[in-house]
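Remarks on the structure that follows.
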Amino acid sequence: MFEARLAEGGILKKVLDSIKELLNEASFDCSEAGLQLQAMDNSHVSLVSLNLRAEGFENYRCDRNMSMGMNLASLAKIMKCSNSDDVVTIKAQDSADIVTFVFESKNGDRVSDFDMKLMNLDQEHLGIPETDYACVVKMPSNDFARIVRDLSQFGESIAIACTKQGVKFSSTGDIGTGNIKLAQNSSADSDDNIVIDLQEPVTLTFASRYLNSFAKAAGLSEKVTLSMSPDVPLVVEFKVATTDNEYGYIRYYLAPKIEDEDS
Amino acid sequence: MGIHGLAKLIGDVAPNATKENEFKNYFGRRIAIDASMSLYQFLIAVRQQDGMQLTTSDGDTTSHLMGFFYRTIRMIDNGIKPVYVFDGKPPEMKSGELEKRTERRNEAQKALEKAQEAGDAEEADKMQRRLVKVDKTHVAEAKQLLTFMGVPFVEAPCEAEAQCAFLQKTGQVFGVGTEDMDALTFGTKVLLRHLTFSEARKMPIKEFYLETVLEALQFTMDEFIDVCILLGCDYCDSIRGIGPKRALELMKSHRSIEKILDNIDKNKYTVPEYFPYKQARELFKNPEVDKTVQISWNMPIDEDGLINYMCNEKGFSEERMRSGVKKLRAARGKSTQGRLDSFFTVTKRVSESPGGSGGGAKKPKEEKKKGKGGGGRGGKFKAK
């Protein structure tokens with residue numbers, strides 16, 4: 001039997017919004033430790049790794065490890081029926097082919113429940129090696145979303161160049177070029193500061209489309225962390241957190257664009 | 001053509017060995033394409049609205065050029081790197097099959113005349129398509145066009161599928177694009193169907209994985225080749241009375257054609273008088289291929305040559321040709337999108353059913369989404 005009760009149900013809505021653009025379906029792996037999800041998009045360019053710790057839930061019970069394959073569009077339909085301040089409970093029997101969502105309003109006078117069919121998913125789990133990244137940039141997530149959105153107007157790819165001085169995002173396309181530079185600022189405690197931890201400068205190029213999808217998670221937390229090393233996938237991490245509680249994280253991996261070896 | 005009923009058999013007994021994927025997800029992939037297959041496809045399918053082939057003002061067919069030009073550009077535009085493989089001499093063993101094809105063509109010719117007499121336009125059109133034959137000019141013209149486009153091609157010493165399979169096995173290409181299932185019998189590990197179909201048909205690419213087929217059938221490659229021969233290949237007749245189902249059963253219990261021949265009731269099943277299955281087997285196992293072939297992926301694009309050839313000689317619109325060339329050039333400069341699988345390795349493949357082994361798993365209501373979305377490698381429904 002699996003049962004998880006989330007006091008701040010709105011979190012689930014936001015989490016779903018930040019993955020449903022990349023994934024059509026995914027399976028949630030439930031264990032004693034919490035809820036996890038790992039899946040690549042159809043083209044195998046990006047990967048979503050979501051982790052919601054058991055401690056983040058008001059109530060969490062998982063007697064047996066299980067995987068729940070869900071169609072995310074269907075899940076979105078169900079989540080639409082909830083209010084963001086509802087208390088959400090997710091329930092499933094051990095050998096069930098359905099999962100139940102219960103939404104309770106804050107004052108408890110409205111309770112709704114929805115069953116959703118689970119599905120068989122054929123999934124490949126990827127082993128992600130521990131990597132010591134050459135540079136790690138921590139910045140306000142709204143800034144990240146804005147930059148990615150602005151530069152997407154120019155071209156289908158965005159170059160991210162990181163040096164000691166700061167980080168530069170640039171894109172080139174038919175209409176011209178756009179560059180946005182952010183300097184590392186020293187006022188350590190300000191909310192909108194940028195912190196760069198750098199071993200060596202790195203420049204990598206990524207498809208704007210995916211960065212834009214990642215930026216959908218900006219609502220989950222104030223900060224985003226970008227980790228890069230030469231010739232390896234970028235990691236974009238958002239903590240899943242509210243002022244009251246820290247739930248876990250959502251990490252996106254994105255394969256860089258590479259120079260054509262044939263030309 | 002190919003192996004009789006193999007695609008259906010795989011779909012029935014090894015559904016996991018096939019996957020559908022969107023055309024645009026093949027960016028950066030090098031793919032060997034069976035050019036002879038494509039030639040037929042284009043000559044048959046690329047037609048005007050009245051069903052007639054495209055021709056120059058002198059009446060020379062240009063359907064194949066149209067096909068090679070646009071469908072190659074579609075691939076390149078999507079980041080695919082095609083290399084075409086042309087047939088060489090047909091193997092001697094194919095003469096029986098070729099004779100049959102000539103016979104069928106003669107029948108079609110007769111049927112066409114009959115239909116024309118009767119004024120049955122639909123039937124006449126159908127028969128006309130059956131009459132299509134690729135000749136040397138078509139091949140030469142296609143090669144000429146590919147040269148101008150800077151698209152590599154290879155001339156196989158013998159069967160194109162065999163050469164394609166060789167390129168795939170040696171890692172020079174990711175997969176083989178053909179409709180002909182015997183590419184699998186020649187040892188292609190990844191076969192892609194529907195690659196050269198028209199965009200308008202919105203057909204997803206269908207992938208076949210040889211290794212998964214073998215795993216599901218629990219056959220070795222040699223046994224698989226024997227199954228293909230029993231199903232019916234281009235190189236020898238099959239035993240009458242043995243269909244796909246019987247062929248599988250017999251192979252499962254006897255494991256080779258020799259033993260099957262020893263054990264079956266010859267009165268019930270008619271073994272052809274001349275049944276050179278050993279030679280056919282040898283042909284699949286060690287086909288004549290060019291092992292020294294070098295593919296150059298970055299050949300120059302000859303725009304002037306192409307315009308002169310296609311517009312002045314073949315009567316295509318210059319504007320369209322130029323815009324095509326523009327696409328070819330644009331694809332050259334682009335960097336390619338990497339794939340996560342080349343950085344991270346698959347640690348485990350899970351195909352779980354909800355509720356563990358509980359048999360209550362129902363197929364979800366939301367069937368595969370057509371078009372956008374569904375059918376990725378990462379998340380696909382299992383058939384059962």
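Every heavy atom of this structure was used, including side-chain atoms; hydrogens, water molecules and symmetry mates were not. Naming: A, B, ... by sequence-line order, numbering from 1 per chain.
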Going by heavy atoms in the side chains, are [X] and [Y] under 4.5 Å from each other?
{"X": "L340(B)", "Y": "H44(A)", "value": "no"}
{"X": "E22(B)", "Y": "N42(A)", "value": "yes"}
{"X": "L126(A)", "Y": "T345(B)", "value": "no"}

Under 4.5 Å heavy-atom distance to chain B, tell me which part of A207(A) shows up: side chain, backbone, both or neither.
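Looking at A207(A), backbone and side chain both touch chain B.
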Would you say [X] has more than 12 foreign heavy atoms packed within less than 6.0 Å of its [atom1]?
{"X": "R329(B)", "atom1": "CZ", "result": "yes"}
{"X": "E32(A)", "atom1": "CD", "result": "no"}
{"X": "D231(A)", "atom1": "CG", "result": "no"}

Measure the CD1-OG distance between I258(A) and S342(B) for me, rounded to the nearest 0.5 Å.
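Atom-to-atom, I258(A):CD1 and S342(B):OG are 6.0 Å apart.
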F343(B) ring center near Y253(A) ring center (under 6.0 Å)
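Distance test on ring centres: not under 6.0 Å, no.
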Winner by heavy-atom pair count (cut-off under 4.5 Å) against chain B, out of A39(A), P129(A), S43(A)
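Between A39(A), P129(A), S43(A), the count favours S43(A).
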Which portion of Y26(B) sits near chain A, non-hydrogen atoms under 4.5 angstrom:
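Y26(B) has no heavy atom closer than 4.5 Å to chain A.
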Do Q337(B) side-chain atoms and V45(A) backbone N/O form a donor-acceptor pair below 3.5 Å?
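No, the answer is negative, given that no donor and acceptor are paired below the 3.5 Å cut-off.
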